[in-house]
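Here the structure is laid out as structure tokens; the discussion comes afterwards.
Since this is a predicted model, take the numbers as computed values, not measurements.
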Amino acid sequence: MAESRVGLWAIYVGVLVATVVTQTVVGYWVYTRQWDRDGARWFLLMLGTGLLLTAAVLVFLLPVGPLFSRVSYVVGAFSAILTVGAFVVFVSTYTGNDLHRKRAVQGLFGAAVVVYLVLAPTSGSHQLLFANFEMVAEPFPYLVVERGPVFAAIIVLIQVPAAYGIYLMVNHLLATRRRSSVQLTLFIIGALSIMTLDAISQYTSVFPLRFSHAAFGLLPFYLLTAVSLFRFGLLDVRPVARNTVIEDLRDPVLVVDDRQRVVDFNEAATHVWPGISDEVPAAFERVCPALSETVTVPPGDEDTTEQLSLTYDGQERHYSVTVSAVSKSSREETGWYSILLRDITELEQSRWQLQKQNERLDQVASTISHDLRNPINVTTGRLELIETRIDALDIEAPEREQLHEEVESVEDATDRMEDIIDDVLTLAREGKTVDETEPVALEATARDAWANVDTHDATLSVADDRRLQADRSKLLTIFENCFRNALDHGPDDVTVEVGPTVDGFYVADDGPGIAPKHADSVFEYGYTTSDGGTGLGLSIVKTMAESHGWTVTLDRDYDRGTRLVFAGFDGERWSEPAMAEPSD
């Protein structure tokens, strides 16, 4: 019987000694190897308070007499409060949740510490912390202590944020790829072992000794945590980084720490770097040499975006690379960086095709400009020569006049061809999307365009002035073609009015207007109701407007002529009145 009692006592003491050794070894390793890792200091504090708790329970079980056993129990109970608090802070820091910064949590643990320190010296008189101290002999001599109402309430209350901390870890477990789930699972099992052993020992008779066995849960906790630290690098993989790395994201994502090491990645990254899962954590320049040459980590004061080409599943793909700082919380950055590679292969292919189309369009424009103008110039020269020779012919006047009319009709045709060439060149060379704009005064631009057109007896009126963002050359082209359209289809004394609208401007005239049956066709290429028109004037207007991102429509409700409305302007810039133009 005595041997069994000694054996049981040896088991209890042996477990506590093993716990002390484990805590010491893990603490030394973290201090010497992981001191600069996020959460390491709080983890060491948790080790320290846990070591104090284990030592206090160890003394409690040694044959040191009732007084020392009582003191050690009181110290151990206080260490348990500190250990739970350190656990909450560590989990909060590790997950970046800021749980320990919440006033309710700080107030709870602060109140628990103050109340315990105030009541502990006189606990024997009021029994609020501990209701009874009784020395028993079986199965071996030890002190039986019953929790008082205040201490029981403290334990229950502080376990609420501790349980929430475990919940936070579970969320990270569920949001993390399998490679990281093992380490978090071990950590959570270890944390639950402390609470589980405390609850079983308090509310059941499973254990032969009647006191809290929470300290014995420290051994599996620190053992499992040690496995996570040594085998999986718990402090090397940051949950806040994994929150940034969305596993289902189809684009590759990497996380680089402040040591220039790749420490995390998503599944898509393994298609670009197949061996990355076996190497991480590893030096960024070694794991991803091409990427490390393209981007700079850290990127500087602002996030940066670069472009490069990489092989994805055996095919070359083009990526837009963005480097962003990983936020640990709303108050602090981690010094880690996420690298997101957006697949822009299709965009690059479309851009390449558009570039080729523009090159072909430029070739057509060049052909029109040179190859067609030359024969037109030859035709014009020959027509002048023919006219000279007609006057020298010995023929009757009616016949001579008829020949002059025939030559004049050919000259009109060549002039029309010249106009068509000019309009086609305008479409080909100036119809591209506007990349750069400048503040342009509406009235000054309209009047400059009016001066470029042969207006005869026509009149220009500007209702009001505004400043807008535009390519001034293209805006001049818009006005010039609108004015020509009004002059070609209206009387010689037509009045043209230009003015601003809520989100654009309008060009109106008091000419005959456009018949409803033609309203849907006025902007089509080649459409004209005039024998001498090219049918490209309003097409050019529409193209120039669309190159700015604007729209142009025919105001069908306008009954005093023709009114073209331009819309789609930037509201902030458009709301600014134009400054007065200096007079010459």
Side-chain angles (χ1 to χ4, degrees), residues 354 358 361-362 365 419 422-456 458-488 490 494-511 522-523 525 534 536-555 558 561-584:
L354 181 60
N358 287 336
L361 190 60
D362 288 339
D419 292 339
D422 290 338
D423 288 344
V424 170
L425 287 176
T426 299
L427 286 173
R429 291 175 176 174
E430 299 187 23
K432 301 174 183 178
T433 301
V434 173
D435 294 325
E436 296 182 2
T437 61
E438 60 181 325
V440 178
L442 182 66
E443 180 176 6
T445 308
R447 295 197 181 281
D448 287 346
W450 187 259
N452 295 337
V453 178
D454 187 4
T455 56
H456 301 292
T459 303
L460 173 66
S461 172
V462 180
D464 196 3
D465 198 9
R466 286 291 187 276
R467 188 174 296 278
L468 62 151
Q469 290 291 127
D471 181 315
R472 193 173 189 278
S473 174
K474 294 183 185 297
L475 185 58
L476 281 170
T477 301
I478 289 176
F479 282 132
E480 289 169 1
N481 281 275
C482 287
F483 297 158
R484 290 193 185 100
N485 184 74
L487 293 166
D488 290 344
V494 65
T495 297
V496 180
E497 181 179 271
V498 175
T501 61
V502 175
D503 63 343
F505 65 90
Y506 67 88
V507 178
D509 65 66
D510 60 357
V522 292
F523 295 108
Y525 290 105
T534 64
L536 296 177
L538 291 185
S539 297
I540 293 176
V541 169
K542 181 180 180 181
T543 301
M544 295 298 103
E546 290 177 345
S547 70
H548 283 84
W550 308 338
T551 61
V552 55
T553 56
L554 175 67
D555 187 350
Y558 191 73
T562 301
R563 187 172 187 262
L564 303 178
V565 181
F566 298 80
F569 289 69
D570 187 331
E572 294 183 4
R573 300 297 305 179
W574 185 240
S575 63
E576 298 180 4
M579 299 296 292
E581 295 289 336
S583 58
D584 295 333

What are the two closest non-hydrogen atoms of [X] and [Y], and how far apart are they?
X	Y	result
A545	I478	N-CD1, 3.9 Å
R467	A441	NH1-N, 4.3 Å
L475	F505	CD1-CZ, 3.9 Å
W550	Q469	CZ2-O, 3.7 Å
A446	L460	O-CD2, 3.9 Å
L442	G499	CD2-C, 4.0 Å

Distance in Å, [X] [atom1] paired with [Y] [atom2], rounded so as to fall on 0.5 Å steps:
X	Y	atom1	atom2	answer
E480	N452	CD	CG	4.5 Å
S461	D509	OG	CG	12.5 Å
T553	R563	OG1	CZ	9.0 Å

List the steps and the verdict of side chain to side chain contact (heavy atoms under 4.5 Å, CB included) for E497 and Y506. CA-CA 8 Å; E497 181 179 271; Y506 67 88; 2.6 Å; yes

Side chain T437, main chain D471, donor-acceptor under 3.5 Å: no

Only counting residues at least two apart or in another chain, list the ones meeting side-chain contact (heavy atoms from CB on, under 4.5 Å) with [X].
X	value
T495	T459, D510
N485	H489, L538
A458	W450, T455, L487, V494
R472	E438, V440, T445, D448, L476

What verdict does the side chain to side chain contact (heavy atoms under 4.5 Å, CB included) test give for L554 and L564, after you've listed the backbone C-alpha separation in whole Å, the side-chain angles of each residue and the deciding distance to 0.1 Å? CA-CA 5 Å; L554 175 67; L564 303 178; 3.9 Å; yes

State which residues pass side-chain hydrogen bond (donor to acceptor under 3.5 Å, both in side chains) with R484; sequence neighbours excluded, sorted by chain then number.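 Testing R484 for side-chain hydrogen bond (donor to acceptor under 3.5 Å, both in side chains), a comparison that skips the adjacent residues, returns none.
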
Begin from the C-alpha positions of F483 and V507 and carry the test side chain to side chain contact (heavy atoms under 4.5 Å, CB included) through to its verdict. CA-CA 8 Å; F483 297 158; V507 178; 4.2 Å; yes

Do F566 and F479 have ring centres separated by under 6.0 Å?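 Aromatic pair excluded; centres sit 6.0 Å or further apart.
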
Set of salt bridge (Lys or Arg N to Asp or Glu O under 4.0 Å) partners for E443, sequence neighbours left out: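 Partners of E443 under the salt bridge (Lys or Arg N to Asp or Glu O under 4.0 Å) test: R447.
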
